[in-house]
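Worksheet for the structure shown next.
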Amino acid sequence: MKILIVGASGTIGKAITKELQSDHEIICAGRNGSDVSVDITSIDSIKTMYEKVGKLDAVVNAAGRAQFSSLVELTPELNEIGIESKLKGQINLVLLGLNYMNDNGSFTLTTGIMMDDPIRQGASAAMANGGVKAFVKSAALEMPRGIRINSVSPNAVQESWDRLKDYFQGFEAVPASRVARAFKKSVYGAQTGKNYEVY
Ligand SMILES: NC(=O)c1ccc[n+]([C@@H]2O[C@H](COP(=O)([O-])OP(=O)(O)OC[C@H]3O[C@@H](n4cnc5c(N)ncnc54)[C@H](OP(=O)(O)O)[C@@H]3O)[C@@H](O)[C@H]2O)c1
């Protein structure tokens, strides 16, 4: 299998890369990607990446930002960060990647627990997560050539806990390796239109 992992150098991306790397051709992407560079907020950049990597059996995305901000301080401009990156960035990876996906291949995107279990300062990220989840569920109905699409919704991961613990008080962080196994289930499994909750 030829698998493109966008965000491969990140906390979750590294765990996914470790989980998927045996016996597969893994292509690591990011703005400073070790194999290919891409900025998911740029349509041109996504197109250029797909032209470089060619046909694929799976696209896994673990990149995408959104602004943590209290609602009263959340401006339209700050909200755009999540729209451009976590929402549109991920969806554009699918829309622009369809022609590069082999028959029976798969896309796996990333959402997050905040859409289901809200926290303060989380409205913008929750919006993006919810949009991605809805897109996945709906797009699965019309994926051509047996192509599947799922998302993975991680809880805060233990490896990010120092950075996130003040936002997620009372949550029980999960190991990134557990999140990575949900990505593996999506890539190797038969299900489509799912949002795998790793809570
Ligand atoms: N960490 C958690 O606890 C947690 C929990 C729930 C959900 N999530 C979600 O999971 C995803 C990954 O989180 P993470 O903590 O692993 O992030 P991270 O450690 O900050 O890593 C982000 C990865 O994405 C790449 N990246 C960032 N912006 C990009 C862009 N515009 N285009 C292409 N690549 C880009 C980065 O590489 P470059 O710098 O080279 O671009 C890096 O490889 C995020 O959507 C996050 O919201 C994380």
Side-chain angles (χ1 to χ4, degrees), residues 4-20 26-50 52-53 59-69 79-94 96-97 107-119 121-133 135-136 150-169 171-183 186 195-199:
L4 173 73
I5 302 180
V6 181
S9 67
T11 307
I12 291 176
K14 271 190 283 201
I16 298 169
T17 306
K18 194 170 165 200
E19 187 71 41
L20 298 182
I26 301 285
I27 301 165
C28 296
R31 289 165 304 183
N32 308 294
S34 58
D35 295 320
V36 65
S37 65
V38 65
D39 180 347
I40 63 166
T41 64
S42 159
I43 288 172
D44 285 345
S45 175
I46 295 173
K47 284 182 179 167
T48 304
M49 172 191 69
Y50 279 128
K52 278 188 191 146
V53 300
V59 172
V60 168
N61 180 64
R65 263 190 74 207
Q67 182 73 23
F68 277 47
S69 166
N79 196 37
E80 281 295 324
I81 294 170
I83 295 170
E84 285 296 318
S85 182
K86 191 146 188 185
L87 182 60
K88 276 169 56 182
Q90 296 204 87
I91 291 171
N92 288 341
L93 276 176
V94 177
L96 298 169
F107 292 92
T108 310
L109 308 182
T110 302
T111 57
I113 192 171
M114 296 153 73
M115 66 178 159
D116 295 323
D117 203 355
I119 58 168
Q121 305 192 39
S124 187
M127 168 206 67
N129 290 338
V132 171
K133 178 181 172 181
F135 174 80
V136 164
N150 296 299
S151 52
V152 172
S153 183
N155 197 336
V157 302
Q158 288 168 358
E159 290 81 349
S160 305
W161 192 240
D162 280 349
R163 177 171 61 85
L164 296 178
K165 62 177 187 283
D166 291 342
Y167 297 103
F168 288 91
Q169 292 197 40
F171 284 64
E172 191 163 345
V174 299
S177 57
R178 216 184 113 201
V179 174
R181 282 194 288 280
F183 281 90
S186 175
N195 177 63
Y196 295 117
E197 297 171 359
V198 188
Y199 297 166

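Here the structure is a predicted model, which means the values were calculated and not measured. Numbering of ligands and ligand atoms starts at 1, following listing order.
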Ligand 1 to Thr111, heavy atom cutoff 4.0 Å, flagged ligand atoms 7 (C)

Ile27 and Val36 have their tightest heavy-atom pair at CG2-CG1, 3.9 Å

Are Leu4 and Met49 close enough, and set up right, to give a side-chain contact (heavy atoms from CB on, under 4.5 Å), and what steps lead you there? CA-CA 10 Å; Leu4 173 73; Met49 172 191 69; 3.6 Å; yes

Original post:
For atom 21 (O) of ligand 1, is some protein heavy-atom partner under 4.0 Å away?
Top reply: yes

Leu164 and Ala156 have their tightest heavy-atom pair at CD1-CB, 4.1 Å

Notebook entry, point to check: Can you find an N or O of Val6 that's nearer than 3.5 Å to an N or O of ligand 1?
Noted result: no

Next on the checklist: So, 4.0 Å and heavy atoms of Val179: is ligand 1 close enough to count as a contact?
Outcome noted: no

The answer for which part of Glu159 has a heavy atom under 4.0 Å from ligand 1 is neither

With the threshold set at under 4.0 angstrom, would you say Ser85 reaches ligand 1 through any of its heavy atoms?
no

Closest to atom 10 (O) of ligand 1 (heavy atoms only, candidates Leu93, Ile46, Thr110) is Thr110

**Request:** Check whether any side-chain heavy atom of Asn32 sits under 4.5 Å from a side-chain heavy atom of Ser9, and report yes or no.
**Result:** no

The answer for which part of Arg163 has a heavy atom under 4.0 Å from ligand 1 is side chain

message: Is it the case that ligand 1 has an N or O less than 3.5 angstrom from some N or O of Gly64?
response: yes

| message | I'd like to know if the side chain of Asn155 and the backbone of Glu172 have a donor-acceptor N/O pair within less than 3.5 Å. | response | yes

| query | Does an N or O from Gly33, backbone or side chain, lie closer than 3.5 Å to an N or O of ligand 1? | reply | no

| said: If we ignore hydrogens and angles and just use 3.5 Å, is the side chain of Glu159 paired with the main-chain N or O of Ala176 as donor and acceptor? | reply: yes

The answer for which part of Ser9 has a heavy atom under 4.0 Å from ligand 1 is both

Discussion item. Is it the case that the side chain of Glu19 and the backbone of Ala15 share a donor-acceptor pair, with hydrogens and angles ignored and the cut-off at 3.5 Å?
Written reply: no

Ser160 heavy atoms within 4.0 Å reach ligand 1 at atoms 1 (N), 2 (C), 3 (O)

Query raised in the report: Tell me, do Asp117 and Tyr199 make a side-chain contact under 4.5 Å, heavy atoms counted?
Result: no

Evaluate Ile40 for polar contact with ligand 1, using N/O atom pairs at a separation under 3.5 Å. yes

Note: ligand 1 atoms sitting under 4.0 Å from heavy atoms of Asn155 are 5 (C), 6 (C)

Q. Under 3.5 Å, N or O to N or O, is Thr41 touching ligand 1 that way?
A. no

With no hydrogens and no angle check, is any side-chain donor or acceptor of Thr110 less than 3.5 Å from a backbone partner on Asn61? yes

Quiz item: Do Lys86 side-chain atoms and Ile81 backbone N/O form a donor-acceptor pair below 3.5 Å?
Solution: no

Report the relative orientation of the aromatic rings in Trp161 and Phe168; use parallel for angles under 30°, tilted for 30 to 60°, perpendicular for over 60°.
tilted

Numbered in order shown, the ligand 1 atoms found under 4.0 Å of a heavy atom of Ala63 are 24 (O), 25 (C), 26 (N), 34 (N), 35 (C)

Decide yes or no for Lys133 and Ser153: does some side-chain heavy atom of the first lie under 4.5 Å from some side-chain heavy atom of the second? no

Taking only non-hydrogen atoms of Ile12 and a 4.0 Å limit, the atoms of ligand 1 in range are 4 (C), 8 (N), 10 (O), 16 (O), 48 (C)

Numbered in order shown, the ligand 1 atoms found under 4.0 Å of a heavy atom of Leu164 are 2 (C), 3 (O)

4.0 Å heavy-atom contact, Arg65 with ligand 1
no

Check: Lys86 N/O within less than 3.5 Å of ligand 1 N/O:
yes

At under 4.0 Å between heavy atoms, what of Asp39 touches ligand 1? The answer is both

Worksheet item: Would you say Ile113 touches ligand 1, if touching means a heavy atom closer than 4.0 Å?
Response: no

